[in-house]
2 protein chains.
Amino acid sequence: MPKNNRYFRIMIDPKLLRGSLDTIILKLLDEHGEMYGYEITQKVKEITAGEIKLTEGALYPALHRLEGKGILTTEMRSIGNRMRKYYRLTESGQEEVVQKLSAMDEFIKSIQLILNPKIA
Amino acid sequence: MPKNNRYFRIMIDPKLLRGSLDTIILKLLDEHGEMYGYEITQKVKEITAGEIKLTEGALYPALHRLEGKGILTTEMRSIGNRMRKYYRLTESGQEEVVQKLSAMDEFIKSIQLILNPKIA
DNA sequence: TCTTAGGCATAGCAACCTTAGGTATCTATT
DNA sequence: AATAGATACCTAAGGTTGCTATGCCTAAGA
């Protein structure tokens with residue numbers, strides 16, 4: 001029994017997430033304007049009713065990568081004695097979201113064609 | 001312009017495929033009973049109207065991996081002077097397909113919740 | 001003859017996720 | 001007061017796994 005499964009519920013196999021993480025991040029930032037890392041993990045958990053849990057070891061490197069590419073910018077803010085690093089889309093990030101979303105859409109359609117030939 | 005894009009059409013970003021390749025292979029084998037490698041690449045291309053193209057460098061290692069796990073068995077057959085290696089699901093492979101398919105289904109639902117909050 | 005299609009395979013590379021740890025603050029419970 | 005859990009950031013090591021490039025071979029067609 002894996003540690004992260006202590007709630008005895010079925011979770012999404014993290015391997016499936018490979019390739020979709022950036023899209024998820026960008027979409028959430030597009031929707032909410034700005035978010036900090038921890039907030040993103042919580043939002044994903046909330047939306048998917050716990051099915052998808054972003055690990056920090058995946059999230060933070062991804063955020064840094066996207067920032068490095070000029071897709072995101074950051075701003076540090078102190079909340080009490082805590083520091084939060086807020087991320088938001090740059091202009092090129094805005095374009096990136098559109099592309100990523102349509103790419104993901106195409107991908108899902110194609111996968112459906114293979115996996116659910118009757119429906120699709 | 002990447003080599004594999006010489007037909008000047010939009011293709012699925014191969015990165016999205018990460019994590020889904022095994023499921024695709026297993027589903028096709030489940031549906032067709034037995035298939036050989038090249039046949040799988042063609043079938044995927046056909047079903048998805050060219051959107052998804054499995055590279056051989058991805059497919060063959062994946063097939064060998066699945067065989068190594070006991071999920072697939074193989075049988076060589078000579079067609080004329082050509083050799084074909086046919087793959088089919090083992091019993092444990094049959095169970096694996098069911099699990100993989102429902103996992104993929106859950107995953108797509110969850111992704112939809114994030115990316116298309118209005119629809120889902 | 002040269003190219004394209006069919007058919008298999010591997011080595012090296014790169015991406016990136018998981019695991020596992022580290023630091024620190026705040027709140028609630030014991 | 002001590003402990004635990006949530007909040008909040010981060011990184012290193014290791015492993016999985018797809019892609020690129022390449023190799024070998026046969027068959028068919030221009």
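Just so we're clear, the structure is a prediction, and the values are computed from it rather than from any experiment. Letters A, B, ... are given to chains in the order of the sequence lines, protein chains preceding strands, and every chain is numbered from 1.
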- Message: For A:Glu96, is there any backbone N or O sitting under 3.5 Å from a side-chain donor or acceptor partner on A:Gln99?
- Response: no
- Look at the side-chain N and O atoms of A:Arg65 and state whether any lies under 4.0 Å from the OP1 or OP2 oxygen of C:dC17. yes
- Query: Does the pair B:Lys43/B:Glu39 count as a salt bridge with the N-to-O cut at 4.0 Å?
  - Reply: no
- Query: Which nucleotide in the list C:dC16, C:dG7, C:dT18 gets nearest to the side chain of B:Tyr60?
  - Reply: C:dG7
- Could you give the CE-to-C1' distance, from A:Met76 to D:dC10, as a whole number of Å? 11 Å
- Message: Looking at every non-hydrogen atom in both residues, tell me the closest pair between A:Ile114 and B:Leu28 and how far apart they are.
- Response: CG2-CD2, 4.2 Å
- Cationic N near anionic O, under 4.0 Å, A:Glu34 to A:Arg84: no
- A:Glu56 CD - C:dC16 C1' separation (whole Å): 17 Å
- To the nearest Å, how far apart are A:Leu17 CG and C:dA15 P? 19 Å
- Note on the structure: Regarding the side chain of B:Arg82, the nearest nucleotide among C:dA5, C:dT19, D:dC10 is C:dA5
- Task: Under 4.0 Å between any heavy atoms, over every strand shown, what does A:Leu21 touch: base, sugar-phosphate, or nothing? Just pick one.
- Result: sugar-phosphate
- Query: Below 4.0 angstrom, N of the basic side chain to O of the carboxylate: do B:Glu67 and B:Lys69 qualify?
  - Reply: no
- Task: Provide, to the nearest angstrom, the distance between the CG atom belonging to A:Leu63 and the P atom belonging to D:dA8.
- Result: 15 Å
- Kindly state each residue pair satisfying ring pair (Phe, Tyr, Trp, His ring centres under 6.0 Å) with at least one member in residues 48-83 of chain A, sequence neighbours excluded. none
- Item | B:Glu75 CD - C:dC8 P separation (whole Å) | 13 Å
- Quick one, which residues of residues 27-41 of chain A touch DNA chain C with a heavy atom under 4.0 Å? none
- So which one's nearest nucleotide on DNA chain C is more toward 5', B:Lys85 or A:Asn81? B:Lys85
- Any donor-acceptor N/O pair, A:Thr74 side chain to A:Tyr86 backbone, under 3.5 Å: no
- Find the distance B:Glu67:CD to C:dA9:C1' and express it as a whole number of Å. 13 Å
- Options D:dC10, C:dA9, C:dG6, nucleotide nearest the side-chain atoms of A:His64: D:dC10
- Find the distance A:Leu59:CG to D:dC9:P and express it as a whole number of Å. 9 Å
- Message: Both A:Ile79 and B:Tyr86 contact DNA chain C. Taking the nearest nucleotide for each, which residue is further toward the 5' end?
- Response: B:Tyr86
- Is a donor on one side and an acceptor on the other found under 3.5 Å between the side chain of B:Ser110 and the backbone of A:Ile52? no
- Note on the structure: Closest of D:dC9, C:dA9, D:dT17 to the B:Arg18 side chain is D:dT17
- Options C:dC8, D:dT7, D:dG18, nucleotide nearest the side-chain atoms of B:Arg84: C:dC8
- Atom-to-atom span, CG of A:Leu54 to C1' of D:dC10 - whole angstrom: 16 Å
- Does A:Thr55 put a side-chain nitrogen or oxygen below 4.0 Å from OP1 or OP2 of C:dC17? no
